[in-house]
Amino acid sequence: MTQADFVVVANRLPVDRTPDGEGWRRSPGGLVTALEPVMRSADGAWVGWAGQADVDVEPFEFDDMHLVPVTLAASDVQLYYEGFSNDTIWPLYHDVISPPTYKRAWWDAYVKVNKRFADAAAAVAAEGGTVWVQDYQLQLVPKLLRELRPDITIGYFHHIPFPAYGLYSQLPWRKQVLEGLLGADVIGFQRVADAGNFARAVRRQLRYETKASGILVPDAEGGTRVALAKAFPISIDAESYVELAQRPDIQQRAREIREGLGNPRKILLGVDRLDYTKGIRHRLKAWGEVLEDGRATVEDATLVQVASPSRERVDAYMQLRDEIEMTVGRINGDYDTTTHTAIRYLHQSYPREEMVALFLAADVMLVTALRDGMNLVAKEYVASRIDNRGVLVLSEFAGAADEMGSALLINPHDIDGLKDAVIRAVDMPAAEQGRRMRTLRRRVREHDVEDWSRGFLEALSAFHGRSSRAADAEVEAGTDDDQADAE
Ligand code: F6P
């Protein structure tokens with residue numbers, strides 16, 4: 001059996017079935033791009049679900065990666081993925097924007113499926129190797145893996161927010177989840193505030209001591225080891241966006257998009273998975289009111305809203321789709337003319353080339369998330385703006401706001417404030433656009449996804465196996481801003 005020195009464990013494999021159902025093709029996500037160099041240099045394997053229920057696939061090689069599919073039965077998809085992951089943890093961790101459902105049968109399935117992922121990772125990891133677990137679907141894997149394979153180094157990265165203690169404590173299985181995560185040597189979060197919320201939950205629920213970013217965890221031998229819980233904000237493969245934006249065919253496509261919309265003076269753009277955390281309703285409300293107030297007409301500006309299909313069998317997502325589509329229909333019915341539209345709504349997913357053409361066509365990018373771990377679309381937009389033009393309107397509740405202070409930061413709940421920001425963005429002089437965009441682009445290009453994975457993996461190799469005494473010195477010498485949210 002193949003053994004790998006470096007193993008990624010994620011809910012999904014980095015490939016999808018080709019449309020004919022025969023072969024595999026790379027899925028669009030940025031994670032595989034980020035991890036590719038490490039996967040290649042370290043003889044890497046990737047453990048994950050192939051995205052279809054009841055399909056048993058043997059491990060196989062793809063693009064120099066060893067892929068290990070984990071089979072999910074239709075009932076696992078329903079209880080573990082749609083249920084506990086996306087109807088319990090997802091809404092709870094996104095500040096209860098939609099009420100989380102707590103069902104014991106979903107939890108049982110989550111435990112069972114997490115064991116399956118941990119078993120698969122334990123089987124493929126080489127002696128003394130490194131396993132990097134990704135995201136909220138697999139929070140129990142670090143502990144399960146440590147029990148099976150104490151020889152390996154375990155990292156975990158949490159791509160979504162970690163909620164404030166008052167919300168987290170609703171979770172009936174709150175202790176088990178914290179213990180699950182603490183099986184890792186390093187637990188990475190998007191924001192300093194997420195790491196602070198996690199440390200606080202650990203202190204309150206488990207009574208473990210924390211020192212700066214270190215958490216003292218009792219180990220199996222009666223001693224103490226130190227786990228590092230810290231922010232490592234994720235990013236994108238910025239250069240690949242720059243390269244696409246430089247392509248003449250993509251620039252031409254951007255011009256065609258503008259013409260296809262009837263050459264409005266400005267194009268506003270929203271790009272999201274169709275998810276209630278993204279603030280699409282708030283954005284539509286604000287835009288509808290701007291038109292209603294007569295502060296803009298459909299000849300002045302069109303909003304293009306790409307809402308890619310997501311989790312379509314979960315109730316809250318079905319309801320959201322109905323609401324959004326009704327609102328779009330109403331606004332368009334009230335304001336469209338035969339030549340111009342208020343909102344061009346696209347319930348579809350597009351390849352990266354088309355997305356970059358849209359970014360180049362858009363004068364204003366609207367990111368109005370009510371809560372978002374990071375929001376990579378904000379980074380993709382600025383990376384694509386090689387002309388240093390365009391305005392990013394960014395929710396302060398998206399993790400990206402911590403790094404992108406030169407955007408127009410907004411509170412999406414404040415509809416009047418959002419409307420003012422939209423008008424300000426539409427009217428922003430080119431010189432101010434340039435000043436802001438240059439600062440934003442510098443940050444995204446310097447801190448790209450490779451920088452992110454390198455930073456995390458360096459921390460992981462430095463921290464693994466730290467005795468509490470050795471780590472004490474390190475955490476005490478470390479930065480104290482991680483303590484910002486401490487009690
Ligand atoms: O980070 C959020 C996340 O859930 C990822 O884990 C996942 O890759 C992405 O959003 C898409 O979600 P899903 O896998 O449920 O389609």
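When reading the values below, keep in mind they use all heavy atoms of this one structure, side chains included, and skip hydrogens, waters and symmetry mates. Counting starts at 1 for both ligands and their atoms, following the listed order.
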### Task
Output the list of atoms in ligand 1 that are nearer than 4.0 Å to some heavy atom of W90, sorted by atom number.
2 (C), 4 (O)

### Message
Less than 3.5 Å apart, any donor N or O on the side chain of N11 or Y80 sitting next to an acceptor on the other?
### Response
yes

### Distance filter under 4.0 Å to D135 heavy atoms, resulting ligand 1 atoms
1 (O), 2 (C), 3 (C), 5 (C), 6 (O)

### Separation of H447 NE2 from I234 CD1 (nearest 0.5 Å)
9.0 Å

### Message
Closer than 4.0 Å to some heavy atom of R12 - which atoms of ligand 1 meet that?
### Response
13 (P), 14 (O), 16 (O)

### Enumerated ligand 1 atoms positioned under 4.0 Å from heavy atoms of Y81
13 (P), 14 (O), 15 (O), 16 (O)

### Query
Tell me, which protein residue and heavy-atom name are nearest atom 7 (C) of ligand 1, and how many Å apart are they?
Q137 NE2, 4.5 Å

### Query
Is there a donor-acceptor contact under 3.5 Å from the side chain of T88 to the main chain of T101?
yes

#### Entry: Qualifying residue for salt bridge (charged side-chain N to carboxylate O under 4.0 Å, His left out) with D272, from K278, R283, R281
R283

### Summary
Here the atoms of ligand 1 under 4.0 Å from any heavy atom belonging to Y136 are 4 (O)

### Query
Going by atom types alone, do Q319 and Y276 pair a side-chain donor with an acceptor below 3.5 Å?
no

### Message
With a 3.5 Å distance limit and no angle check, can you tell me whether Y381 reaches the backbone of A362 through a side-chain donor-acceptor pair?
### Response
yes

### Query
When you measure from atom 10 (O) of ligand 1 to every protein heavy atom, which one gives the shortest distance, and what is it?
R311 NH2, 3.5 Å

### Query
Looking only at atom types and distance, does a side-chain atom of D194 sit under 3.5 Å from a main-chain N or O of F162, one as donor and one as acceptor?
yes

### Task
Could you list which atoms of ligand 1 come closer than 4.0 Å to a heavy atom of H159?
1 (O)

### Message
Checking contacts now, so for atom 2 (C) of ligand 1, which I'm interested in, is there any protein heavy atom under 4.0 Å?
### Response
yes

